[in-house]
**Q** 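Supplied in structure tokens, the structure appears directly below.
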2 protein chains.
Amino acid sequence: MANIKEVASLAGVSVATVSRYFSAPEKVSKKNTDKVMKAIEQLNYKPNLLARNFTQSRSYSILVLAPLGNPFLLDVIQGIQEIARIKGYTVLLVDALESKDEESKCYGMLETRLVEGIIDFKVQKRLDKKNGTRIDNIVTLCDYVENNPSPVVTVDDVKAAEKLVDYLVSLGHRHIGCLTGLDFIHATVHRKLGYQNALQKAGIPLSDKLIIKGDFSVTSGLNAAKEFINMQPRPTAIFSMSDKMAIGIIQGLKAEGLRIPEDISVVGFDDIEFAKYCEPPLTTIRQPAKELGSSAMKLLCNLIDGKYEPESVLRPYFLPTDLIVRGSTAAVKSS
Amino acid sequence: MANIKEVASLAGVSVATVSRYFSAPEKVSKKNTDKVMKAIEQLNYKPNLLARNFTQSRSYSILVLAPLGNPFLLDVIQGIQEIARIKGYTVLLVDALESKDEESKCYGMLETRLVEGIIDFKVQKRLDKKNGTRIDNIVTLCDYVENNPSPVVTVDDVKAAEKLVDYLVSLGHRHIGCLTGLDFIHATVHRKLGYQNALQKAGIPLSDKLIIKGDFSVTSGLNAAKEFINMQPRPTAIFSMSDKMAIGIIQGLKAEGLRIPEDISVVGFDDIEFAKYCEPPLTTIRQPAKELGSSAMKLLCNLIDGKYEPESVLRPYFLPTDLIVRGSTAAVKSS
DNA sequence: TGTAAATTTGTAATCGATTACAAATTTGAT
DNA sequence: ATCAAATTTGTAATCGATTACAAATTTACA
């Protein structure tokens with residue numbers, strides 16, 4: 001494989017000229033440009049980017065730590081990719097469900113220079129290491145906590161959940177079940193808060209008996225369905241913290257002969273592609289997936305470029321959500 | 001950020017010793033190991049992997065070119081990741097639906113040393129460049145063509161489709177519609193072949209009128225549904241080349257008041273997670289997604305390590321598929 | 001044409017590791 | 001205690017680019 005020196009010698013110029021041919025072609029005379037071009041062509045030369053990255057001390061790569069298995073993520077990742085491409089970054093992807101060990105290895109890639117930034121789908125607790133401050137060039141996506149150690153792009157889960165449950169309340173529901181997500185994800189906490197806010201506003205007493213712990217999987221929805229059915233009194237509506245679980249719930253309820261939405265209304269969260277192809281189509285909260293991804297990536301690029309005062313970006317950057325009303329919800333039966 | 005020289009000088013040893021501390025710790029005396037450890041600790045030293053990669057002329061990265069948007073891919077990618085982690089590679093992911101330009105840039109990453117191998121979800125036509133031979137360290141996944149220029153891991157789409165349509169025939173169907181995928185994907189060609197084989201075996205005349213062109217999206221399924229309904233004679237069963245399209249078809253048929261499977265049977269291909277949560281649950285072909293990913297990655301690792309004779313791996317590596325019978329198929333109505 | 005300014009070019013240092021080879025040290029056997 | 005073998009260590013070259021700086025060349029204008 002030819003290197004820059006060979007190109008230079010074949011072209012009869014110095015290596016600096018060849019290097020400039022790539023980095024600042026306007027500074028190379030027409031005559032030499034031609035010579036260099038020919039030599040490159042003849043030797044089929046491709047610059048060794050490992051060498052370039054090394055000298056520039058840049059990897060032009062960023063890392064995305066995402067819990068694959070969530071179909072909602074595909075769109076988010078596409079949003080990330082879109083900006084990455086424009087800005088000249090390549091995207092490394094790691095499944096975030098790996099071990100803690102694996103995770104810290106990923107964070108280590110910042111220090112070993114393999115990546116210039118990280119987009120993580122969950123808040124890191126232990127970001128503050130030795131020096132007690134936030135670590136640079138990390139953006140938290142779709143998760144958020146008070147005093148977040150890194151900049152955040154997400155939706156306002158509290159408001160979104162509140163909006164959704166407000167809607168159920170407006171349909172006359174007063175016994176509203178809740179299926180939560182993984183509890184180390186802060187979105188779970190926030191959506192629960194929104195759920196409770198809505199109930200309180202409506203003067204409905206809160207009850208932990210109406211809340212079941214889920215894990216965002218279809219299966220946990222299926223299992224929860226049975227529990228909801230056996231509740232006394234049985235809820236007339238169920239708020240599921242993800243569409244996937246809502247689909248499981250609907251399956252489980254139908255298996256027991258219940259009709260949706262006539263007997264029980266079910267709502268999800270995310271608006272994944274299949275939400276509208278459910279039977280019945282799912283009432284849910286739409287998150288602007290692609291925008292979440294692209295906004296996070298833009299933010300990360302600015303962090304890498306040092307365009308921000310660190311403090312100025314620690315306030316969460318909330319994107320708007322939409323309530324999508326479909327067929328899985330109906331007014332409560334007057335009993 | 002401390003470098004190896006500073007560590008060496010603080011520890012009172014040579015850089016070679018520090019380097020060996022990482023690469024061959026058994027060759028460093030206990031005394032020096034301690035000294036180096038302390039110096040590393042004290043300086044919070046992390047080796048600059050950009051430098052290491054450069055000197056070793058290795059990136060320890062591989063690229064996956066995948067059409068995101070296919071939920072089936074998530075599992076495949078997890079399979080890839082699993083092996084990648086074990087073998088010490090990181091995975092770059094690029095959405096394969098990008099422009100040709102983007103695509104060749106990705107292939108260029110092999111020559112610029114940024115990645116050591118590529119897993120591509122489609123066969124490359126122009127792999128044979130100047131030297132007319134196959135390009136090393138590329139594995140084609142889930143796509144296949146005669147005289148493939150690179151090693152292939154996939155399922156036998158012909159056999160799988162044939163198995164599926166055999167099943168429809170066994171239910172008494174003789175008018176079987178077909179919704180194809182993108183026609184530059186060879187799997188489309190092969191599945192069509194399997195479809196035709198099954199019909200021929202059963203002595204059913206082939207007719208292009210029963211075949212509609214799709215693009216693997218739900219929408220194309222929705223659109224096709226209307227066309228199938230208006231066919232004369234109307235098919236009693238439809239073979240869709242992906243689950244997503246099948247879901248669209250089912251939606252479209254139901255919207256027109258048809259019952260599945262009583263009026264029309266529908267089958268898909270892939271067995272994505274939502275196939276079993278459809279209404280009715282989808283009869284389909286299960287592809288071993290995770291195994292496809294892990295097998296491809298293992299193969300790629302061996303290619304990178306030069307363990308194979310090039311010719312020995314150009315025969316496609318077929319993984320087995322299963323026919324999954326669910327509720328979307330039924331015996332044809334005796335008319 | 002002469003000279004200053006602007007442009008283009010080349011030399012050589014540099015990035016931070018790895019590693020071949022030689023030198024130094026330790027170990028082990030007699 | 002001696003010497004050979006084995007182990008450990010250090011010196012310095014190397015990977016392939018970028019880039020500061022100086023030198024050479026070209027351009028512009030009086």
Side-chain angles (χ1 to χ4, degrees), chain A residues 1-40 42-61 88 90 108-116, chain B residues 1-40 43-61 88 108-116:
Chain A
M1 195 84 80
N3 62 25
I4 198 172
K5 220 183 282 179
E6 301 175 56
V7 173
S9 96
L10 177 61
V13 301
S14 71
V15 292
T17 300
V18 179
S19 178
R20 275 189 286 258
Y21 169 82
F22 289 104
S23 62
E26 76 281 2
K27 291 193 172 168
V28 178
S29 67
K30 172 109 180 50
K31 203 181 61 185
N32 278 346
T33 299
D34 287 347
K35 289 202 279 183
V36 170
M37 257 174 50
K38 258 181 216 136
I40 287 174
Q42 202 168 330
L43 295 172
N44 189 29
Y45 167 74
K46 310 283 169 178
N48 180 332
L49 296 192
L50 289 180
R52 178 181 295 173
N53 288 353
F54 164 58
T55 23
Q56 299 187 335
S57 204
R58 297 201 59 181
S59 64
Y60 297 100
S61 304
T90 49
M109 295 173 79
L110 269 179
E111 297 167 306
T112 57
R113 317 299 193 93
L114 280 186
V115 300
E116 300 185 17
Chain B
M1 196 83 80
N3 63 22
I4 199 173
K5 219 183 281 179
E6 301 176 56
V7 173
S9 98
L10 178 60
V13 300
S14 72
V15 292
T17 300
V18 178
S19 177
R20 276 189 285 257
Y21 169 83
F22 288 104
S23 64
E26 75 281 3
K27 291 193 172 167
V28 178
S29 67
K30 171 108 182 50
K31 204 181 61 186
N32 278 346
T33 300
D34 287 347
K35 290 201 280 185
V36 171
M37 258 175 47
K38 258 181 216 134
I40 288 174
L43 295 171
N44 190 29
Y45 168 74
K46 311 282 171 180
N48 181 332
L49 296 192
L50 289 179
R52 177 180 297 173
N53 288 353
F54 164 58
T55 24
Q56 299 187 336
S57 204
R58 297 201 57 181
S59 64
Y60 297 100
S61 305
M109 294 174 80
L110 269 180
E111 297 167 307
T112 58
R113 317 300 193 92
L114 281 186
V115 300
E116 299 184 17

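Chain letters run A, B, ... following the sequence lines, proteins first and then strands; every chain starts at 1.
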**Q** Can you tell me how far P of C:dT14 sits from CD of A:Gln56, to the nearest Å?
**A** 18 Å
**Q** Backbone N or O of B:Arg52 within a donor-acceptor pair of the B:Thr55 side chain at under 3.5 Å?
**A** yes
**Q** Taking any heavy-atom pair under 4.0 Å as a contact, classify B:Val28: base, sugar-phosphate, or nothing.
**A** sugar-phosphate
**Q** Check every atom of C:dT18, D:dT9, C:dT9 against the side chain of B:Thr17 and return the nucleotide holding the closest atom.
**A** D:dT9
**Q** Which comes earlier along DNA chain C counting from the 5' end, the contact point of B:Arg20 or that of B:Thr55, where each point is its nearest nucleotide?
**A** B:Thr55
**Q** Stepwise, does the side chain to side chain contact (heavy atoms under 4.5 Å, CB included) test hold for A:Asn48 with B:Thr112?
**A** CA-CA 5 Å; A:Asn48 180 332; B:Thr112 58; over 6 Å; no
**Q** Measure from CE on B:Met1 to C1' on C:dG16 and round the result to the nearest Å.
**A** 13 Å
**Q** Is the shortest distance from a Lys or Arg side-chain nitrogen in B:Asp34 or B:Lys30 to a carboxylate oxygen in the other one below 4.0 Å?
**A** yes
**Q** Atom CD1 of A:Ile4 to atom P of C:dT11: distance rounded to whole Å?
**A** 14 Å
**Q** When all nucleic acid strands are considered with a 4.0 Å heavy-atom cut-off, which category describes A:Ser19: base, sugar-phosphate, or nothing?
**A** base
**Q** Under 3.5 Å, side chain of A:Asn3 to main-chain N/O of A:Glu6, donor-acceptor pair present?
**A** yes
**Q** The side chain of B:Phe54 is closest to which nucleotide in this list: D:dC15, C:dT9, D:dT11?
**A** D:dC15
**Q** Consider the side chain of A:Ser29, meaning its heavy atoms from C-beta on, and name the nucleotide among C:dT8, C:dG16, D:dG16 that approaches it most closely.
**A** C:dT8
**Q** Tell me the interatomic distance from B:Lys46, atom NZ, to C:dA17, atom P, rounded to whole angstroms.
**A** 13 Å
**Q** Within the structure shown, what part of the strands sits under 4.0 Å from B:Val13 by heavy-atom distance: base, sugar-phosphate, or nothing?
**A** sugar-phosphate
**Q** Using only atom types and a distance under 3.5 Å, with no angle test, would you say the side chain of B:Ser19 pairs donor to acceptor with the backbone of B:Val15?
**A** no
**Q** Atom CG of A:Asn32 and atom C1' of D:dT26: how far apart are they, to the nearest Å?
**A** 13 Å
**Q** Pick the nucleotide of DNA chain D nearest each of B:Gly12 and B:Ser57; which residue has the one closer to the 5' end?
**A** B:Gly12
**Q** Give the rounded distance in Å between these two atoms: CG of B:Asp34 and C1' of D:dT8.
**A** 15 Å
**Q** From NZ of A:Lys31 over to C1' of C:dT8, roughly how many Å is that when rounded to an integer?
**A** 10 Å
**Q** What's the CZ-C1' distance between B:Arg52 and D:dA17, to the nearest Å?
**A** 20 Å
**Q** Contact class for A:Tyr21 vs. all strands (heavy atom < 4.0 Å): base, sugar-phosphate, or nothing?
**A** nothing
**Q** Kindly say if B:Asn3 contacts the phosphate of C:dG16, meaning a side-chain N or O under 4.0 Å from OP1 or OP2.
**A** yes
